[in-house]
Participant: 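This is the structure I want to talk about, given as structure tokens.
We count ligands from 1, going down the list as the structure has it; atoms in each ligand are counted the same way. Bear in mind that the values here come from a model prediction, so they are computed numbers and not experimental data. Numbering starts at 1 and runs along the sequence shown.
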Amino acid sequence: MKAPRWRKKILITAAAIALGIQFIPVPRDNPPIVKELVWDSPKTRSFAQRACFDCHSNQVRWPWYSHVAPVSWMISKDVRDAREMLNFSAITSDDDFDFVAKRINKAVMPPKKYLALHAEANLTDSEKTAFLAGLKKSFELSGL
Ligand code: HEC
């Protein structure tokens with residue numbers, strides 16, 4: 001049975017839109033590293049790298065789906081918003097351990113939707129405790 005013409009038209013239009021939006025430029029950068037914390041140990045940094053760097057750093061590993069609109073728009077915006085709040089590659093005097101610790105303690109960060117796709121970012125309770133202790137020391141060593 002032949003599909004009615006209007007249905008074909010809708011399908012073609014939808015396909016054209018899906019293709020067309022791929023050409024809208026999406027910022028997906030990794031600017032130079034300005035200033036990291038003075039890490040108390042490589043381990044603390046590796047926890048941050050596992051759980052936070054994909055949004056809160058200039059060392060984001062952009063996954064393949066970050067190249068496919070409209071998912072790319074959401075990821076790009078998340079990274080921009082996240083960097084504005086806290087950028088582990090551009091630490092400023094405004095950064096504050098207690099502020100960061102609260103998000104980790106309440107399990108707000110890393111976001112659930114991210115953990116669903118990145119099992120390695122899911123820190124166990126003991127890893128979380130070690131991360132928080134190391135992060136506190138690192139903020140102190142950084143004079144923050
Ligand atoms: C998938 C991306 C992503 C990851 C991974 C992630 N964050 Fe975030 N984070 C965001 C976004 C987006 C915001 C800004 C919007 C918001 O507050 O939800 C944010 C906000 C924050 C804020 C500010 C919150 C506020 O209320 O002002 C802190 C602090 C923070 N994140 C810490 C962390 C820490 C620490 C980690 C690692 C344990 C982490 N985040 C992992 C995306 C992420």
Side-chain angles (χ1 to χ4, degrees), residues 3 6-144:
W6 62 267
R7 231 180 9 188
K8 231 191 226 167
K9 259 189 197 160
I10 288 175
L11 274 176
I12 290 169
T13 308
I17 291 171
L19 187 67
I21 61 173
Q22 304 307 325
F23 295 96
I24 298 171
V26 180
R28 214 173 10 238
D29 59 345
N30 269 321
I33 294 165
V34 183
K35 184 176 181 216
E36 285 209 8
L37 284 171
V38 180
W39 296 103
D40 72 313
S41 75
K43 203 165 166 211
T44 307
R45 187 180 186 277
S46 77
F47 284 138
Q49 196 170 21
R50 265 171 64 191
C52 319
F53 272 32
D54 269 349
C55 301
H56 294 280
S57 85
N58 296 345
Q59 293 177 276
V60 172
R61 296 167 304 166
W62 296 98
W64 65 265
Y65 47 83
S66 73
H67 292 262
V68 183
V71 179
S72 53
W73 304 343
M74 297 187 252
I75 295 179
S76 174
K77 180 168 184 344
D78 267 4
V79 170
R80 263 178 294 146
D81 290 350
R83 278 177 182 159
E84 228 166 78
M85 293 284 181
L86 166 71
N87 187 341
F88 280 108
S89 307
I91 291 295
T92 73
S93 54
D94 288 340
D95 290 320
D96 174 65
F97 170 74
D98 292 324
F99 179 68
V100 176
K102 212 186 253 172
R103 300 309 181 286
I104 300 173
N105 272 326
K106 283 201 198 150
V108 178
M109 288 289 150
K112 297 258 179 320
K113 64 180 177 190
Y114 174 76
L115 289 176
L117 291 166
H118 298 85
E120 81 281 1
N122 212 343
L123 304 180
T124 64
D125 283 346
S126 65
E127 285 176 332
K128 214 185 263 184
T129 308
F131 180 35
L132 283 168
L135 200 57
K136 188 171 169 49
K137 268 196 220 151
S138 305
F139 269 86
E140 281 165 8
L141 285 173
S142 311
L144 296 166

Participant: Measure from atom 2 (C) of ligand 1 to every heavy atom in Ser57, Cys55, Ala107 and give the option owning the shortest one.
Facilitator: Cys55

Participant: Does Leu123 approach ligand 1 within less than 4.0 angstrom via side chain, backbone, both or neither, non-hydrogen atoms only?
Facilitator: neither

Participant: Quick check: of its N, O or S atoms, which one does His56 have closest to atom 8 (Fe) of ligand 1?
Facilitator: NE2

Participant: So which bit of Pro111 gets within less than 4.0 Å of ligand 1, heavy atoms only: side chain, backbone, both or neither?
Facilitator: side chain

Participant: Does Asp81 have more than 12 heavy atoms from other residues, nucleotides or ligands lying within 6.0 Å of its CG?
Facilitator: yes

Participant: Hey, could you give me the NZ/CD1 distance between Lys128 and Ile104, rounded to the nearest 0.5 Å?
Facilitator: 8.5 Å

Participant: Output yes if Met109 passes the N/O/S-under-2.8 Å test against atom 8 (Fe) of ligand 1; output no otherwise.
Facilitator: yes

Participant: Taking only non-hydrogen atoms of Asp54, do any sit less than 4.0 angstrom from ligand 1?
Facilitator: no

Participant: With respect to Phe53, which candidate in Phe88, Phe47, Trp62, Tyr114 satisfies the ring pair (Phe, Tyr, Trp, His ring centres under 6.0 Å) definition?
Facilitator: Phe88

Participant: Number the atoms of ligand 1 from 1 as they appear, then name those within less than 4.0 Å of a heavy atom of Arg103, with their elements.
Facilitator: 24 (C), 25 (C), 26 (O), 27 (O), 28 (C), 29 (C)

Participant: For atom 12 (C) of ligand 1, what's the nearest protein heavy-atom neighbour? Residue, atom name and distance, please.
Facilitator: Asp78 O, 3.4 Å

Participant: Of the protein's non-hydrogen atoms, which lies at the shortest distance from atom 37 (C) of ligand 1, and what is that distance?
Facilitator: Cys52 SG, 1.9 Å

